[in-house]
Amino acid sequence: MSDRHPAFMPLILVGGLVFGFGLAYSQMARPEVVLNFLQFEDFGLVFVMFGGAAVTGLTFFVAPRLLGRAPLTGDSFERRLKSFDRNVLVGGAIFGVGWGLSGICPGAAYASLGIGNVTILWALAGMFLGAYAQGYWRSRSQARDTAATRAD
Amino acid sequence: MVIEALPLQVGAELFPNGISRYAVGGLLVGLGVTVIYLGTGISAGASTFLESTLSYVSDRSCFQQYVASRDWRLVFTLGIVLGAAVYAVVYQGGAWTTDVQPWRLLVGGVFVGIGTRVGKGCTSGHGVCGVGSASKTSIVGVLTFLTVAIVTAQVVAALGVSP
């Protein structure tokens, strides 16, 4: 991407820094704290998710109305909504089993590594394995579907 | 007196560690997303990094579709690690390690890896960005994984697994 604005990557890095600092400050980088929430021992996580959603909600609402296009990419500020289907429920349930078992989700896992939690590499390894397995299955089933369509 | 103190007591029981660390941290997470969105129009989630990074090592089409975004997702994730490291140095006073058992992290990680990809998002993609944009898909996604996670964590605790 040679035509990319020179400030693009630095801005992504700054955004990531603030995001990761926030995850660590909110204690979400500690699986124990997440598990305490899921066991109804500490409801603090509600403030993390809704605090974050409130800020992004305000941003997503205001930016398209006050600003024309994103300065570094020229892209318009539109809502890119994900379509709803059965996968959202199935995938959400699988994600829920993993989150409830380990107390770890992707962003928090990267942040956990940052706070020196080397044990979290187990979770990161698991996530990459899971994502790879899912992609492998999906490309196989897509190939099968295509073959079946051609046969018809 | 007793009645007046009741709401405070209930509050203290629900939030044994107070709320400021959670609220401030959550606002900063949202601010991180905001910085990137205002500059680029991208609403950044954390879980696509898994697939986009796999595109460096796998030629499969399901990963290759993320080639255009894999570089910035790597930088975003690097930022998350470094930002958390700043917290560790400034506030935590050194490294912290979890007591949660490795098998829980590994097996849980596999489920998380599959689930976020099938379900189109994670706690940041659906929970922060999706709920923030009032996406019905994301709200349903969050309610689904939150409910299942609560049940799972309660069952695991009831079976005596700790930590």
Side-chain angles (χ1 to χ4, degrees), chain A residues 11-13 15-22 24-26 31 38 43-44 47-49 51-53 55-57 59-60 70 72-73 75 79 81-82 84 87-88 91-102 105-107 110-111 114-117 119 122-123 126-127 130-131 134-135 139, chain B residues 14 22-23 25-30 32-36 39-41 46-47 50 60 62 72 75-76 79-81 83-85 87-88 95 97-98 100 102 105-106 108-115 117-120 122-124 127-128 131-133 135 137 141 144-145 148-150 152-153:
Chain A
L11 183 94
I12 296 278
L13 185 68
L17 279 167
V18 177
F19 190 93
F21 183 88
Y25 193 92
S26 69
L38 297 172
F43 285 82
F47 279 88
V48 182
M49 199 179 282
V55 174
T56 58
T59 309
F60 294 163
L72 301 188
T73 56
D75 290 345
R79 295 204 310 168
L81 298 178
K82 293 163 182 164
F84 181 80
N87 282 339
V88 176
I94 297 171
F95 177 83
V97 170
W99 199 34
L101 185 62
S102 64
C105 57
Y110 319 145
I115 63 169
N117 184 12
T119 315
W122 287 103
M127 283 178 206
Q134 198 274 333
S139 50
Chain B
L14 296 181
Y22 301 114
L27 294 176
L28 287 170
V29 168
V33 174
T34 295
V35 165
I36 293 174
T40 66
S47 61
L50 299 170
R60 291 190 173 274
C62 56
W72 76 254
V75 171
F76 178 55
I80 296 176
V81 176
Y87 170 82
T97 13
T98 184
V100 174
L105 299 174
L106 180 68
V110 171
F111 277 98
V112 166
I114 298 171
R117 302 300 74 219
V118 174
K120 306 175 188 182
C122 62
T123 30
S124 60
V128 175
V131 170
S133 55
S135 154
T137 300
T144 307
F145 65 63
V148 175
I150 287 168
T152 305

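In what follows, chains carry the letters A, B, and so on, assigned in the order in which the sequence lines appear, proteins first and then strands, with residues in each chain numbered from 1. These numbers were taken from a predicted model, which means no experiment stands behind them.
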Residue pair B:Val112 / A:Gly98: nearest heavy atoms and the distance that separates them:
CG2-C, 3.7 Å
Just so I understand: if I count every heavy-atom pair under 4.5 Å between each of B:Ser47, B:Gly141, B:Ala23, B:Pro102 and chain A, which residue has the most?
B:Pro102
Any idea which of B:Thr144, B:Ile114, B:Val35, B:Val131 has the most non-hydrogen atom pairs under 4.5 angstrom with chain A?
B:Ile114
Euclidean distance, A:Trp122 CH2 relative to B:Leu105 CG, rounded to 0.5 Å:
9.5 Å
Of the listed residues (A:Ser102, A:Ser139, A:Gly57), which shares the most heavy-atom pairs with chain B below a 4.5 Å separation?
A:Ser102
Approximate separation, where rounding is to 0.5 Å, of A:Phe95 CZ and B:Thr123 OG1
4.0 Å
Selection from A:Pro31, A:Gly100, A:Gly135 maximising heavy-atom pairs under 4.5 Å formed with chain B
A:Gly100
Distance flag, aromatic centroids of A:Phe19 and B:Phe76, threshold under 6.0 Å:
yes
Taking B:Ala153, B:Gly127, B:Ala88 one by one, which has the highest count of heavy-atom pairs under 4.5 Å against chain A?
B:Ala153
Among B:Phe145, B:Phe111, B:Tyr22, B:Trp72, single out the residue with the greatest number of heavy-atom pairs under 4.5 Å to chain A.
B:Tyr22
Between B:Ala95, B:Gly32, B:Ala84, which residue shows the highest count of heavy-atom pairs closer than 4.5 Å to chain A?
B:Ala84
As an exercise, state the distance from NZ of A:Lys82 to OG1 of B:Thr137, rounded to the nearest 0.5 Å.
9.0 Å
Test side-chain contact (heavy atoms from CB on, under 4.5 Å) on B:Ser133 and A:Leu81 and set out the steps.
CA-CA 8 Å; B:Ser133 55; A:Leu81 298 178; 4.1 Å; yes
Can you tell which of A:Thr56, A:Ile115, A:Thr59 has the highest number of heavy-atom pairs within less than 4.5 Å of chain B?
A:Ile115
What distance do A:Phe60 atom CZ and B:Ser135 atom OG have between them, rounded to the nearest 0.5 Å?
10.5 Å
From CZ (B:Arg117) to SG (B:Cys122), nearest 0.5 Å:
7.5 Å
Identify which of A:Thr73, A:Val88, A:Leu17 forms the greatest number of heavy-atom pairs closer than 4.5 Å to chain B.
A:Leu17
Ranking A:Val97, A:Leu72, A:Thr119 by heavy-atom pairs under 4.5 Å to chain B gives rank one to A:Val97
Pick one of side chain, backbone, both or neither for A:Leu11, based on which atoms fall under 4.5 Å of a heavy atom in chain B.
both
